[in-house]
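As a basis for the values below, the full set of heavy atoms in this structure was taken, side chains included, without hydrogen atoms, waters or symmetry mates. So you know, we letter chains A, B, ... as the sequences are listed, proteins then strands, and number each from 1.
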Number of protein chains: 2
Amino acid sequence: MYKRRNKCRGMRKRKGAGRPTISDVAEKAGVSTITVSRALRDPSKVSDHLRRKINNAVKKLNYVPHSHASALASTRSNIVGVIVPSLTNNVFADTLRAIYDELDDGVFQVQLGNSRYVAKDEERLVRTFLGQGPSAMIVAGTDQTAATRELLQNASCPVVQIMETGDDPIDMMVGFSHFEGGRAAGTHLVQKRYKRIGFLGARMDPRSYRRLEGFKEAMRSGGRYDPDLIVTTTASSSVSLGAELIGQLRKRRPDLDAVFCNNDDMALGALFGCQKAGISVPDEMGIIGFNDLEMMAASYPSLTSIRTDRYQIGKRAVQMIKSVLDGETPEQKIIDLGFELQCRESTTREKK
Amino acid sequence: MYKRRNKCRGMRKRKGAGRPTISDVAEKAGVSTITVSRALRDPSKVSDHLRRKINNAVKKLNYVPHSHASALASTRSNIVGVIVPSLTNNVFADTLRAIYDELDDGVFQVQLGNSRYVAKDEERLVRTFLGQGPSAMIVAGTDQTAATRELLQNASCPVVQIMETGDDPIDMMVGFSHFEGGRAAGTHLVQKRYKRIGFLGARMDPRSYRRLEGFKEAMRSGGRYDPDLIVTTTASSSVSLGAELIGQLRKRRPDLDAVFCNNDDMALGALFGCQKAGISVPDEMGIIGFNDLEMMAASYPSLTSIRTDRYQIGKRAVQMIKSVLDGETPEQKIIDLGFELQCRESTTREKK
DNA sequence: GTGCGTAATGTTAGCGCTAACATAATGTTA
DNA sequence: TAACATTATGTTAGCGCTAACATTACGCAC
């Protein structure tokens with residue numbers, strides 16, 4: 001049998017991807033590959049003269065750095081890992097849009113994960129994402145598993161928790177207090193002299209719970225606390241569900257005269273449910289939602305809500321990341337963007 | 001000056017990422033690295049015996065393949081590139097959720113891009129994504145630039161255009177006809193004996209235009225075509241805008257007695273606008289939307305809409321991709337999921 | 001004039017995996 | 001029984017970039 005030494009291989013070689021590489025650019029510019037790399041990643045370390053030659057060659061060859069090769073060689077990628085609990089919840093959509101807008105300079109790419117409100121799914125995604133050496137991680141809220149916290153604490157990249165604030169950030173944090181938001185909603189209904197005030201909550205993720213706790217606090221302070229008026233379900237939130245839950249609650253408690261819904265879809269549904277039942281809003285029923293989505297102002301009657309700045313949350317989170325990656329120390333590790341009561345017709349009874 | 005030959009370097013070496021590599025697994029299992037790779041990627045090529053030993057070693061070492069190294073070596077990544085024109089449009093949210101659900105087996109990751117309804121932005125994203133050797137690409141619609149079409153046609157991975165159907169797919173396609181959907185909406189209003197029927201359209205992306213063309217066709221067929229009753233704007237769609245546009249149109253044309261809105265948010269806004277103006281829906285104004293979002297059934301009165309199966313679009317797109325990647329030839333390159341008129345109270349006048 | 005520090009650029013080899021080729025054992029067909 | 005094919009496993013080197021170390025030139029202080 002014909003025997004060839006392993007080292008004397010056939011002439012065929014590995015095929016690359018076919019596009020120009022950093023070697024091609026280096027050859028054209030008359031420098032070494034690491035100088036090209038420096039010109040693109042850290043231009044201050046390359047002389048003006050050579051930088052111009054290199055950028056010229058990059059243009060001529062239409063060179064695009066190979067992100068996988070760079071990530072392998074540096075153990076660091078150009079990815080920002082973002083994990084949200086829902087893709088269809090408008091709240092996260094606004095924040096995602098801000099993240100994408102703020103990363104639009106093309107330096108970073110978003111790797112989006114959907115944890116489906118399951119802490120263990122979030123953990124699995126965090127593990128997968130960290131394994132790819134992201135430049136930064138953005139996760140929602142403050143209720144990670146212990147393992148997730150540890151992974152993120154030990155990560156060698158900036159980490160931002162969004163949508164909430166708390167005392168114990170993994171790294172950085174942008175959000176607001178859901179407890180205080182819920183309390184503000186409850187307080188508002190008390191101040192508007194509603195007497196038998198209920199709560200409608202769906203899904204009941206940790207943030208929904210904190211809103212409920214804040215609401216309870218307001219009810220206790222206003223001498224109106226009645227646990228029987230609190231209705232929650234683990235079903236996903238929807239407009240239909242809001243209508244259904246208020247119908248159920250009113251059937252049990254016809255004396256109900258106001259509700260705080262843990263989000264705007266539920267509040268809109270509560271409004272529709274009242275209209276179907278011939279209940280006058282705000283006269284016979286006050287309704288307040290949470291987040292202040294665009295439709296709340298347009299509804300008839302317009303709906304009161306606790307306004308949250310979801311776009312700003314995403315924007316500030318990326319700005320924090322960028323400043324850390326630029327070597328700066330963030331002025332604040334925790335940014336509390338607060339919320340704002342947006343009082344509209346649905347809680348404004350005519351004076352009697 | 002102390003001079004050392006380049007080849008006699010210091011003892012310090014490149015640091016890796018610190019986690020177990022395929023070499024560690026190979027050593028533990030007593031095989032070569034390529035056998036471990038085959039066991040994970042193409043198990044049928046490895047004997048049962050060795051496969052068990054390898055999987056055992058993978059578990060013990062908690063080994064996770066390095067996606068960047070794999071992508072570099074094979075010029076192919078485990079990414080599915082998905083580009084949508086909007087992150088905040090509920091229509092795409094449902095489809096994205098299906099894509100994520102269908103890819104939840106962990107083999108692939110989603111790389112999500114936001115083209116913001118700009119064909120040139122889509123082109124730039126397609127270029128960037130293709131440069132990373134994705135396993136598949138999903139893009140929206142059929143109005144790509146010539147360059148984008150060429151890039152995708154020449155891509156060595158499956159490509160699916162979603163949300164629409166057409167005669168000339170780049171590769172594969174899952175959607176429905178927006179022209180026919182618009183026509184069905186218009187025809188419905190004619191059949192319900194509305195006489196002066198208008199169209200409210202926002203943003204007017206290509207799909208919105210096709211709905212408008214279909215609507216016009218229905219108006220011509222029904223002898224009700226009046227271009228003066230068509231209102232469009234390039235502003236982004238919203239509930240508020242729907243209220244505003246119907247207010248404007250009614251002011252100019254108090255004889256208006258029905259509208260087809262190019263999406264559900266606009267339809268809901270049109271409803272609110274009528275309610276504020278004391279116009280009875282459906283008696284004095286018929287309203288039909290498009291997509292049939294969850295809230296349409298819950299509104300008061302409930303809103304008629306053209307139902308589209310956005311979740312199924314995403315699901316089928318991923319199924320097509322998976323079957324192609326598994327080496328199968330898809331039965332159909334184009335899947336038309338159609339649409340369905342969902343007739344509700346907002347176009348059902350009481351008989352007189 | 002010398003020594004030291006800094007800046008700019010270059011060289012080497014390795015990040016982790018797999019394409020491409022090699023080898024040996026086993027099976028099939030004429 | 002020989003020739004060819006298939007299957008399972010191994011070896012080599014390369015995918016494209018950059019960490020780590022090396023070299024050289026220049027500026028500055030003593």
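Considering only the side chain of B:His66, C:dC17 comes nearest among C:dC17, D:dT18, D:dG16.
Between B:Asp24 and B:Lys60, none of the side-chain N atoms (NZ, or NE/NH1/NH2) sits under 4.0 Å from a carboxylate O, so this pair counts as no salt bridge. Taking the charged nitrogens against the carboxylate oxygens, A:Asp101 and A:Lys315 have no contact shorter than 4.0 Å, which rules out a salt bridge.
Formation of a donor-acceptor pair under 3.5 Å by the B:Thr128 side chain with backbone atoms of B:Arg124 is found in this model. In this structure, B:Ser135 contributes its side chain and B:Ser77 its backbone to a donor-acceptor pair below 3.5 Å.
Rounded to whole Å, atom P of C:dG16 lies 15 Å from atom CD of B:Glu27. At whole-Å resolution of the value, CD1 in A:Ile54 and P in C:dA8 are 13 Å apart. Atom CZ of A:Arg52 is separated from atom P of C:dA8 by 14 Å (rounded to the nearest Å). Atom CZ of B:Arg38 and atom C1' of D:dT11 are 10 Å apart (whole Å). Distance A:Gln132 CD to C:dG16 C1': 14 Å, rounded to the nearest Å. At whole-Å resolution of the value, CZ in B:Arg76 and P in C:dT18 are 13 Å apart. The distance between atom CD1 of B:Ile34 and atom P of D:dT11, rounded to the nearest whole Å, is 12 Å. We find that CG of B:Asn78 is positioned 14 Å from C1' of C:dG16, with the value rounded to whole Å.
Using cut-offs of 30° and 60° on the angle between ring planes, the pair A:His68 and B:His68 is tilted.
In this structure, A:Ser67 reaches neither bases nor backbone, as no heavy-atom distance under 4.0 Å exists between it and the strands shown. Among the heavy atoms of the strands, none lies under 4.0 Å from A:Thr75. Nucleic acid contact class of B:Arg41 (heavy atoms, under 4.0 Å, all strands): sugar-phosphate only.
Checking the phosphate oxygens (OP1, OP2) of C:dG10, a side-chain nitrogen or oxygen of A:Thr35 falls inside 4.0 Å. A sub-4.0 Å separation between OP1 or OP2 of D:dT9 and a side-chain N or O of B:Ser47 is present. Residue A:Ser32 places no side-chain N or O under 4.0 Å from the OP1 or OP2 atom of C:dT11.
In DNA chain C, runs of at least 3 stacked Watson-Crick or G-U pairs (N1-N3 plus N6-O4 or O6-N4, or N1-O2 plus O6-N3, all under 3.5 Å) give these stems: C:1-30 with D:1-30.
Taking the side chain as every heavy atom from C-beta outward, A:Met173 and A:Glu164 never approach each other to under 4.5 Å.
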Walk me through it: do A:Glu123 and A:Thr145 pass the test side-chain hydrogen bond (donor to acceptor under 3.5 Å, both in side chains)? CA-CA 7 Å; A:Glu123 183 183 314; A:Thr145 64; 2.8 Å; yes

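Of the two residues near DNA chain D, A:Ser37 and B:Leu50, the one whose nearest nucleotide lies more 5' is B:Leu50.
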